[in-house]
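Okay, structure first, notes after.
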Amino acid sequence: MMVDAILLVLREVLEAALIITILMVMSRKLGFSLHWILVALVMGTLSSWALAHYAYTIADALGGTGQEWTNALLYFMVVLAFIVIAAFIAPLLFNTPHQLRHLAREDTPRLNRQLLVAAAIFAVGLSLAREVAEIWIYLGGFAQQPDKLESALTGGAIGLGIGASLGAITYYLLVFISVRRFIYLLFSFLILLSGGLATQIAKQLLQIGVLDSAAPLWDTSRLVNEHSWLGELLYALIGYDSSPSAIQVIFYWLAVTPLIVIGIWQWRRRKLAHA
Amino acid sequence: MIKRKLMLLFACALPLSAFAAVPEFTIEIRDHLFFPSTLVVPANTKIKLVVLNQDPTPEEFESYELNREKVIMGGAKAIIFIGPLKPGDYPFFGEFNPKTAQGVIRAQPEG
């Protein structure tokens with residue numbers, strides 16, 4: 001029971017912890033204040049509570065497809081926030097270390113900073129809303145059974161603790177790498193996470209029959225099982241799916257293409273400037 | 001003549017209506033268990049799965065093999081579309097009670 005709670009909570013918070021960590025490191029590397037994370041945490045927790053509180057109404061809405069449409073919308077908005085963040089940090093790609101220090105600390109226009117922070121708040125808040133809502137619903141199921149609730153809460157706290165610790169370790173590992181390397185890493189992460197989230201949107205639409213399922217394009221479940229720890233980790237990192245259908249792969253590329261185009265455009269611009 | 005035309009029209013429409021009707025199957029959740037725990041469905045066909053949660057507590061229907069996950073509140077009903085599936089077994093479980101809530105969807109060729 002307690003182990004179930006640990007695993008459930010950990011699975012839900014893993015992806016959110018990764019997003020929070022990498023965006024906090026981004027703030028630090030670019031010399032922003034970290035206050036925004038508090039706003040994002042409060043916003044995320046409140047909206048997750050609202051989602052859980054109105055879970056019946058949401059599930060019944062739109063002919064019983066409300067849950068999937070809500071999830072799809074939340075995933076979509078996080079992908080949009082990631083694209084905005086990528087667009088703002090893209091000019092920092094392909095700079096020399098000297099230019100980068102200059103750009104990051106002093107020359108970033110105030111409006112850009114505000115938009116970047118707003119996008120970060122949305123990315124964290126909306127990711128938390130979805131993941132934490134499921135935890136509220138799970139814990140709410142034990143409301144009438146005090147003994148079980150206690151062990152579920154303890155398990156949940158341990159799961160949250162493990163998730164937070166993994167986040168903290170990642171944070172300090174990333175803090176020590178150079179700004180230049182971190183910008184590349186952040187950009188790559190944004191591409192991978194956006195692609196993973198986009199396949200989740202497709203999955204929600206397949207589930208309610210809006211999109212038609214077809215046979216999976218491939219099956220790598222023998223190579224990396226989704227039940228395994230590596231599978232769970234890859235799921236959180238890149239939305240790993242061992243047997244995706246063609247439509248999921250199409251959604252993946254729809255989300256990833258704008259980011260790759262932004263990256264290539266910056267690289268060309270930099271190359272022309274040096275020529 | 002008109003009658004024949006109508007019959008012809010009806011015959012043409014039949015395969016269409018057969019295509020539109022998605023076969024429906026029901027699974028119930030009681031005491032954190034799935035009933036039936038093995039559900040046989042036709043292979044290579046899109047299926048509408050109705051999951052009735054008879055427990056007062058919420059459950060999450062989850063399957064890695066079917067690529068589906070959906071929270072079903074206590075006493076609520078959920079609809080999940082699956083397939084077309086290749087013949088074979090597709091395990092599913094209740095994420096909130098993973099030890100007890102286990103089941104399999106068996107896709108079998110018709111005939």
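A, B, ... follow the sequence lines: proteins, then strands. Residue 1 opens every chain.
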Between OG on residue A:Ser221 and OH on residue B:Tyr64, distance to nearest 0.5 Å: 12.5 Å
Any residue of residues 74-81 of chain A which, by heavy atoms, sits under 4.5 Å from chain B: none
Atom CD of B:Glu28: over 12 foreign heavy atoms under 6.0 Å: yes
Between A:Gln207, A:Gln248, A:Glu68, the one whose heavy-atom pairs under 4.5 Å with chain B are most numerous: A:Gln207
Salt bridge (charged side-chain N to carboxylate O under 4.0 Å, His left out) pairs, two or more places apart, involving residues 76-86 of chain A: none
Proximity breakdown for B:Lys48 and chain A, heavy-atom pairs closer than 4.5 Å: neither
Side chain proximity check, A:Ile137 to B:Glu60, heavy atoms < 4.5 angstrom: no
Largest heavy-atom contact set with chain B, pairs under 4.5 Å, which of A:Asp219, A:Asn225, A:Leu206: A:Leu206
Listed once per pair and sorted, the side chain to side chain donor-acceptor pair (under 3.5 Å) pairs that draw on residues 84-105 of chain B, sequence neighbours left out: A:Asp4-B:Lys99, A:Arg11-B:Glu95, B:His32-B:Asn97, B:Glu59-B:Asn97, B:Asp89-B:Arg106
Atom group of B:Phe93 that falls short of 4.5 Å from chain A, counting heavy atoms: side chain
Considering all heavy atoms, the nearest B:Pro58-A:Gly141 contact: CD-CA, 3.5 Å
A:Tyr240 OH: over 12 foreign heavy atoms closer than 6.0 Å: yes
Nearest atoms (heavy-atom pairs only) where B:Val71 meets A:Gln67: O-OE1, 2.8 Å
Residues of residues 47-57 of chain A contacting chain B, heavy-atom criterion under 4.5 Å, by residue number: A:Ala55, A:Tyr56
For the student: nearest non-hydrogen atoms of B:Phe96 and A:Glu134, plus distance: CZ-O, 4.0 Å
Minimum side-chain heavy-atom gap A:Asp212-B:Phe81 below 4.5 Å: no
Side chain to side chain contact (heavy atoms under 4.5 Å, CB included) between A:Gln144 and B:Thr57, worked out: CA-CA 9 Å; A:Gln144 309 303 326; B:Thr57 53; over 6 Å; no
Side-chain touch A:Ile208/B:Ile79, heavy atoms, less than 4.5 angstrom: no
